[in-house]
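Numbered from 1 within each chain, the chains take letters A, B, ... in sequence-line order.
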2 protein chains.
Amino acid sequence: MTIEDYIRQNITHYAHEDIVLPFKIELISFPKDDIITDYGQIEDKVYFLNQGLVQITILRNEEEKIVEFFKSGEFFSSYTSLLTQHPSDIQVVTLTNCNVSVIKRQDLLDAYSKSILASNLGLYVTQKLYLSRIQREKDFLTKPADVRYKELVLRNPELTKLVSMNKIAKYLGIQPESLSRIRKFLDS
Amino acid sequence: MTIEDYIRQNITHYAHEDIVLPFKIELISFPKDDIITDYGQIEDKVYFLNQGLVQITILRNEEEKIVEFFKSGEFFSSYTSLLTQHPSDIQVVTLTNCNVSVIKRQDLLDAYSKSILASNLGLYVTQKLYLSRIQREKDFLTKPADVRYKELVLRNPELTKLVSMNKIAKYLGIQPESLSRIRKFLDS
């Protein structure tokens, strides 16, 4: 999927438009297990995943937690660091070979001030990040791990083929043994 | 503070501009302890607090928690409900008499598609909500209650005069007795 497809699918009024992107993009390939943004780095780019899978981790009390997976057709970034220009407290790592469209922060800021398409795109992506953050927080408080696992697989069917069970357990905040029991029960 | 002031102070390129708002606003006064948006209601407005103080609460396991205070010069709404058009799981209540500028959801959506000022304003407010959500989550995990209390008072000096200690304890997620000990220690 390309950024132009993403815009046509998600931003009202652009569904049937010829789209000229109001910022420069650079196409970059990352190998599997590569760090795109590291802990402590100041984020100065936004990424669109044309193909592949990435994970976002955070360190809490010296333990690494997986907070998000992003798949093809989604924007990602160390977004808090991008906005605040403080060092990132998350790390972005590729889980497969990835083809990515990269937008520089300054190019994006310039586009926001001139282009209604750019600012509507930024608004849409930020709203989506906000909603998914709230939903995840709510899910953790209200849904048991087996329900969250089923929903993750529904949202991301290819994930279980590409990501180790250890990583999925880490994302769900449970022990790998518990996830194994959940999977056996769901398969039975 | 007015929305025009807010735009001049926060949105780049508008600092010295004459601003014509790209959407209709309605000025409304709410008395103290009035419900602006209730649990279960579908949010169809965004509010700017010209004067006053509001609180946002959420129900978790039949217990009501205070998740946010908004003061003069800030936008608020049941934002998740506004975006998803699902019933609100938060409640917005005035803590003082409030003067509010009200924007209808549909007027805002229309403005986003036509006005670069509107979409930049929406983008800025959404980024701010996103950052404050992340910051609050991080603070809860990493900072003790006394530090969070001191930071709340610094951000919102008038809050302790206007809001009962019970409410502030509820916001901090501690018992009123613990807050009382923290205050005595800080005053000594």
Side-chain angles (χ1 to χ4, degrees), chain A residues 10-15 17 22 46 56 58-63 65 67-68 77-86 88-90 105-106 108-143, chain B residues 10-15 17 22 46 56 58-63 65 67-68 77-86 88-90 105-106 108-143:
Chain A
N10 294 301
I11 317 285
T12 324
H13 303 295
Y14 292 93
E17 300 274 317
V46 170
I56 307 251
I58 193 162
L59 287 174
R60 283 270 183 266
N61 307 321
E62 286 162 43
E63 201 193 338
K65 290 186 178 173
V67 290
E68 205 60 84
S77 179
S78 175
Y79 199 52
T80 301
S81 174
L82 182 86
L83 296 179
T84 61
Q85 291 291 285
H86 294 155
S88 174
D89 63 357
I90 65 163
R105 176 175 172 272
Q106 194 53 54
L108 196 63
L109 295 181
D110 292 345
Y112 284 161
S113 69
K114 285 179 222 149
S115 153
I116 203 160
L117 170 56
S119 54
N120 272 284
L121 177 61
L123 177 60
Y124 177 81
V125 172
T126 309
Q127 287 172 340
K128 210 160 169 272
L129 287 172
Y130 176 84
L131 288 177
S132 96
R133 188 86 191 193
I134 303 250
Q135 191 58 50
R136 193 161 50 80
E137 202 179 315
K138 205 167 142 184
D139 286 354
F140 251 92
L141 291 170
T142 59
K143 293 177 184 167
Chain B
N10 293 302
I11 317 284
T12 323
H13 304 294
Y14 291 94
E17 301 273 319
V46 170
I56 308 250
I58 193 163
L59 286 175
R60 283 271 183 264
N61 308 321
E62 286 163 42
E63 200 193 340
K65 289 187 179 173
V67 290
E68 205 61 84
S77 179
S78 175
Y79 199 52
T80 302
S81 174
L82 182 86
L83 296 179
T84 61
Q85 291 292 284
H86 295 156
S88 175
D89 63 356
I90 65 164
R105 176 175 173 272
Q106 194 53 54
L108 196 62
L109 294 182
D110 291 345
Y112 283 162
S113 69
K114 286 180 221 146
S115 152
I116 203 160
L117 170 57
S119 54
N120 272 284
L121 177 61
L123 176 60
Y124 178 81
V125 172
T126 308
Q127 288 173 340
K128 209 160 169 274
L129 287 172
Y130 176 83
L131 289 176
S132 97
R133 187 85 191 192
I134 303 250
Q135 189 60 49
R136 194 162 48 83
E137 203 180 314
K138 205 167 141 183
D139 285 355
F140 251 92
L141 291 170
T142 59
K143 292 178 185 168

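A/Asn120 places a side-chain N or O within donor-acceptor distance of the main-chain N or O of B/Tyr112, the cut-off being under 3.5 Å. For B/Glu62 (side chain) and B/Leu59 (main-chain N/O), no donor-acceptor pair under 3.5 Å exists by modelled atom type.
Neither the backbone nor the side chain of B/Thr12 comes within less than 4.5 Å of any heavy atom in chain A. A/Lys138 touches chain B through backbone and side chain together, each having a heavy atom under 4.5 Å away. Residue A/Gln135 does not touch chain B at all, counting heavy-atom pairs closer than 4.5 Å. Looking at A/Thr84, only its side chain comes within 4.5 Å of chain B, counting heavy atoms on both sides. When heavy atoms are compared at a cutoff of 4.5 Å, A/Leu129 approaches chain B by way of both its backbone and its side chain.
A heavy-atom distance below 4.5 Å is found between the side chains of A/Leu82 and A/Val46. Inter-residue side-chain proximity for B/Tyr130 and B/Thr126 is flagged as unmet; no heavy-atom pair is nearer than 4.5 Å.
The neighbour count for A/Lys65 NZ, taken as heavy atoms of other residues, nucleotides or ligands under 6.0 Å away, does not exceed 12.
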